[in-house]
Trainee: 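Structure below; questions to follow.
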Amino acid sequence: MQEMLKKVITDILTTLYEPFWFALLSALLLTIAYMYSYEPDNAGGGFKKMMLAWAKKFKKDAHFRELFFWFFLTVIILFRTLLNRKLWANPLSNVMGGWQFIDDKGNVVVDSIENIIMLIPWTWLLIAVKNKKNAVRRPVMYAVKSGFLFSISIEMLQLILRLGTFQLSDICYNTLGGMIGGVMFWIIRLIRKQ
């Protein structure tokens, strides 16, 4: 158990460390594009004015911060699952693999756990971003659908681009992670309403 926890924590920290600056810059650029698409009042004033407007909005607007962190996490997930992969000769070589937590040699396999963990904060933040005006009435169902669609999109891109292997277990574990994120959001929302 201790070995598995150590490997999961190491993999998560590595996943955050490798694309950190790329994800941070991408999230910054995406939120700037969002800001100027929906609130273009500071557009055309130069770089300094734009960055000051961004910092002011980030400081005051919780929805904008949630959007920033969702963009950041999405870029990290895409980096981990698509952008940081080598071309694979046969992406269908292990379609039914990835279900086990311990391999034949007794080593801990943490990919399943990481696939679950990966989509918990992603769906949580997605619902928070989407829920700006109470748009998500059933967060758990929304999280399951979103987690499934995001996961199947990644797996299909891996298949088409020959990056990694297409695995049904990844779709199931990612969808489970999405469901957990939705349940956590729903529970917190119930607690806040009381």
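The structure presented is a predicted model; accordingly, all values stated were derived computationally and were not measured.
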Trainee: What about the rings of Trp54 and Phe47, do their centers lie closer together than 6.0 Å?
Mentor: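 Here the rings of Phe47 and Trp54 have centres that are no less than 6.0 Å from each other.
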
Trainee: Just wondering, do Leu157 and Leu163 contact through their side chains at under 4.5 Å, heavy atoms?
Mentor: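 The answer is no, as the side chains (C-beta and beyond) never meet within the 4.5 Å cut-off.
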
Trainee: Does any part of the side chain of Glu155, heavy atoms only, come nearer than 4.5 Å to the side chain of Gln158, both counted from C-beta?
Mentor: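 They are in side-chain contact.
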
Trainee: Determine, stepwise, if the pair Lys57 / Leu52 fulfils side-chain contact (heavy atoms from CB on, under 4.5 Å).
Mentor: CA-CA 9 Å; Lys57 184 155 183 68; Leu52 289 171; over 6 Å; no

Trainee: May I ask you to decide if the ring planes of Phe64 and Tyr34 are parallel, tilted or perpendicular, using 30° and 60° as cut-offs?
Mentor: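 Correct class here is tilted.
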
Trainee: Which pair of heavy atoms, one from Ser151 and one from Asp170, lies closest together, and at what distance?
Mentor: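 Reported closest heavy-atom pair: OG-O, 3.6 Å.
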
Trainee: Going through the checks in order, is the side-chain contact (heavy atoms from CB on, under 4.5 Å) test met by Tyr36 and Met50?
Mentor: CA-CA 9 Å; Tyr36 284 121; Met50 174 196 63; 3.0 Å; yes

Trainee: Would you check if Leu119 and Ile77 make a side-chain contact, meaning some heavy-atom pair closer than 4.5 Å?
Mentor: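 Heavy-atom side-chain distance check passes, below 4.5 Å.
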
Trainee: Taking the inter-plane angle between the rings of Phe150 and Trp122 on a 0 to 90° scale, is it parallel (under 30°), tilted (30 to 60°) or perpendicular (over 60°)?
Mentor: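 Parallel.
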
Trainee: Do Phe20 and Phe79 come close enough that some side-chain heavy atom pair is under 4.5 Å?
Mentor: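 No, side chains not in contact.
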
Trainee: Grab the two heavy atoms, one from Leu73 and one from Leu125, that are nearest each other, plus how far apart they are.
Mentor: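 Minimum heavy-atom contact is CD2-CD1, 4.2 Å.
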
Trainee: Nearest 0.5 Å, please: how far is CG in Asp61 from CD in Glu66?
Mentor: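 Glu66 CD to Asp61 CG: 8.5 Å, rounded to 0.5 Å.
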
Trainee: Indicate, with yes or no, if Ile187 and Ile120 share a hydrophobic cluster defined by side-chain heavy-atom contacts under 4.5 Å among Ile, Leu, Val, Met, Phe, Trp and Tyr.
Mentor: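 Per the 4.5 Å side-chain linkage, Ile120 and Ile187 are co-clustered.
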
Trainee: Measuring from atom CG of Asn174 to atom OG of Ser169, what distance do you get when rounded to the nearest 0.5 angstrom?
Mentor: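 Here the interatomic distance stands at 9.0 Å.
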
Trainee: One pair to check against side-chain contact (heavy atoms from CB on, under 4.5 Å): Trp124 and Trp70. What are the steps and the verdict?
Mentor: CA-CA 9 Å; Trp124 176 298; Trp70 184 76; over 6 Å; no

Trainee: Should the pair Glu114-Arg80 be classified as a salt bridge under the 4.0 Å nitrogen-to-oxygen rule?
Mentor: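 Yes, this pair counts.
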
Trainee: Side chains of Asn131 and Arg189: does their closest heavy-atom pair fall under 4.5 Å?
Mentor: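 Counting from C-beta outward, Asn131 and Arg189 do come under 4.5 Å.
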
Trainee: At their closest point, which heavy atom of Ser26 faces which heavy atom of Val75, and how far apart are they?
Mentor: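 It is CB-CG2, 3.7 Å.
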
Trainee: Work out which heavy atom in Pro19 is nearest to a heavy atom in Thr14; give both atom names and the distance.
Mentor: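 Scanning both residues, the minimum pair turns out to be CD-O, 4.3 Å.
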
Trainee: Are Met184 and Met141 linked, directly or through other ILVMFWY residues, by side chains that come within less than 4.5 angstrom of each other?
Mentor: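 In one cluster with Met184: Met141, no.
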
Trainee: Is the shortest heavy-atom distance from the side chain of Leu24 to the side chain of Trp21 under 4.5 Å?
Mentor: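 Leu24 reaches Trp21 side chain to side chain.
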
Trainee: Would you indicate whether the side-chain heavy atoms of Phe166 and Leu168 approach each other to under 4.5 Å?
Mentor: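 Sidechains of Phe166 and Leu168: in contact.
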
Trainee: To check you understand the geometry: which heavy-atom pair defines the closest contact between His63 and Val129, and what is its length?
Mentor: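 Of all heavy-atom pairs spanning His63 and Val129, the closest is NE2-O, 3.1 Å.
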
Trainee: Where do Ile127 and Gly182 come nearest, in terms of heavy atoms and distance?
Mentor: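 Nearest heavy atoms, Ile127 then Gly182: CD1-CA, 3.9 Å.
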
Trainee: Test side-chain contact (heavy atoms from CB on, under 4.5 Å) on Ile32 and Met51 and set out the steps.
Mentor: CA-CA 9 Å; Ile32 287 170; Met51 290 310 296; 4.1 Å; yes

Trainee: Given Ile171, which of Ile154, Ile152, Leu176, Asn115 fulfils the side-chain contact (heavy atoms from CB on, under 4.5 Å) condition?
Mentor: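 That would be Ile152; it is the only one of Ile154, Ile152, Leu176, Asn115 passing the side-chain contact (heavy atoms from CB on, under 4.5 Å) with Ile171.
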
Trainee: Centroid-to-centroid, Tyr142 to Phe185, below 6.0 Å?
Mentor: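 No.
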
Trainee: With the side chain counted from C-beta on, respond yes when Ile180 and Ile116 share a heavy-atom pair under 4.5 Å apart, and no when they do not.
Mentor: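 Ile180 vs Ile116: side chains touch.
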
Trainee: Just verifying a value: how many Å separate Ser112 OG and Gln167 CD, rounded to the nearest 0.5 Å?
Mentor: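 It comes to 8.5 Å.
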
